[in-house]
Protein chains: 2
Amino acid sequence: MTSKPNPIKVLVVDDHPLLREGIAALIMNQTDINLVAEASNGREAIEKFRSHRPDVTLMDLQMPDMSGIDTIIAIRHEFPQARIIVLTTYAGDVLAQRALKAGAQSYMLKGHVRKDLLDTIRSVHAGRKSIQSEVAAQLADHVTDDALTSREVEVLALVAAGNSNKLIADKLSIADETVKGHVSSILSKLGANDRTHAVTLALKRGIIQL
Amino acid sequence: MTSKPNPIKVLVVDDHPLLREGIAALIMNQTDINLVAEASNGREAIEKFRSHRPDVTLMDLQMPDMSGIDTIIAIRHEFPQARIIVLTTYAGDVLAQRALKAGAQSYMLKGHVRKDLLDTIRSVHAGRKSIQSEVAAQLADHVTDDALTSREVEVLALVAAGNSNKLIADKLSIADETVKGHVSSILSKLGANDRTHAVTLALKRGIIQL
DNA sequence: GGATGCATCCCGGAATAGAATGATTCTCGA
DNA sequence: TCGAGAATCATTCTATTCCGGGATGCATCC
């Protein structure tokens, strides 16, 4: 084991140019880490991954075209050994859960980063997982309650858009009694007082987006 | 008018270290702009402003302690000539409106920035206002409709938290008929179908926060 | 093959929300 | 000081939401 093997090749995927600059500046001082490519959306991320084969990818979740989660899935499908660190503004346990399930090794909040980021890059490159304590705490808060089904999320999104149960029934081509059932289930799973509360809780937890 | 007067002194206020790094990196290459101080919250921002008297301040809106808007108001109260550029992740016409009313000269979205930022710093330092076209378009979308009153915003926040009209009435010590009146007014002003829709619209427009 | 979870449908009833309208008080700025 | 806008309370009526309960196909997983 030499003290200076090949530097770790890093790809940054984020639609904020300023943040990419920041990461570039941070990495530039490190001898064992090399920033080899940047991308500002999912499509580009996949291309750059193919051409540069980075050891570690830093990935934002919200991007113009393809969502970060879908991008992770696509990359991991093609390169199952890909190591990915999610770097995002938003908390939300469910979002983190989905990202980790999609194959990310780490989930970091942009607000809580400085030298941790470099350590995390090294750690993930070495094959370890690394979850920030804030994120881990959020995940732990909700391990007991069961997740919404995809249908329920679909219904909830329509609720958030201001549709009545009847309208949702029409749009999904199901009976409105069914919609009522879904809404009841959503309220109980989220511990919400009413549909409005359910929407704000779901937004906080990253279950739905605006 | 010489071509190289004193460089423009800039203060950056943002709780994201990475973003501050990015701005620092961007400014470092400019001869006519100097980054003289950084702050990661409102209190610190005011201190740094006092000690450094920057020509232009870049300010994020969401920060741990004091809100960006309050910080702008505090700074402008003490230094009415302060020139402030708001640099934030979130759109939301009402948020932008409030920031501009508080005395900001410019409102930029972090996602849409690269060299515009430098131009904007120079432009604002020269005494001009500079509103990004995306933000201007959003502002224009809502110039006609009248704003919510502070009481209405208060009610809406309680609605978002999942309170029934009756509960809101209790918490505000008013009759629930009054609450209904406020809610009706909110719905009509925002063009919402129901209270849930009102909440999501208000979140999008920066009228309330999660 | 049984268990489990999901999506679907149905019912009835109580509570809540929302529309429409009118009236009173108060403040603040023109 | 006059008027506009706010906030308040009230009444009536209808639509919608939410809570019980129960029931059916249909997957998947062990």
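Proteins get letters first, then strands, A, B, ... in listed order; numbering begins at 1 in each. All values reported here derive from a predicted model rather than from experimental measurement.
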Check the distance between [N]'s [atom2] and [X]'s [atom1] and give it to me in whole angstrom.
X: A/Lys166; N: C/dA17; atom1: NZ; atom2: C1'; value: 15 Å
X: B/Glu177; N: D/dT12; atom1: CD; atom2: C1'; value: 12 Å
X: B/His197; N: C/dG18; atom1: NE2; atom2: C1'; value: 16 Å
X: A/Leu172; N: C/dT8; atom1: CG; atom2: C1'; value: 12 Å
X: B/Asn163; N: C/dA17; atom1: CG; atom2: C1'; value: 14 Å
X: A/Asp176; N: C/dC10; atom1: CG; atom2: P; value: 9 Å
X: B/Leu148; N: D/dG5; atom1: CG; atom2: P; value: 16 Å
X: A/Asn193; N: C/dA17; atom1: CG; atom2: C1'; value: 15 Å

Of the nucleotides [options], which has the atom closest to the [X] side chain?
X: A/Ile174; options: C/dG18, D/dT17, C/dT8; value: C/dT8
X: B/Ser164; options: D/dA7, C/dA17, C/dG18; value: C/dA17
X: B/Ser184; options: C/dA17, C/dA19, C/dC9; value: C/dA19

Any side-chain N or O of [X] under 4.0 Å from OP1/OP2 of [N]?
X: A/Thr178; N: C/dC9; result: yes
X: B/His182; N: D/dA6; result: no
X: A/Arg151; N: C/dT8; result: yes
X: B/Asn165; N: C/dA17; result: yes
X: B/Thr149; N: D/dG5; result: no

In terms of side-chain geometry, is the basic nitrogen of [X] or [Y] positioned less than 4.0 Å from the acidic oxygen of its partner?
X: B/Asp55; Y: B/Arg83; value: no
X: A/Lys110; Y: B/Asp14; value: no
X: A/Arg205; Y: A/Asp93; value: yes
X: A/Lys180; Y: A/Glu177; value: no

>> Ignoring hydrogens and geometry beyond distance, is a side-chain donor-acceptor pair present between A/Glu152 and A/Ser185 at under 3.5 Å?
In response: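 A donor-acceptor contact under 3.5 Å links the two side chains.
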
Next item on the list: Between B/Ser150 and B/Lys180, just flag the one whose closest nucleotide in DNA chain D comes earlier from the 5' side.
Entry: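 Its nucleotide being nearer the 5' end, the pick is B/Ser150.
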
By nearest nucleotide on DNA chain D, pick out whichever of B/Ser173 and B/Asp146 is the more 5' one.
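The residue mapped nearer the 5' terminus is B/Asp146.
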
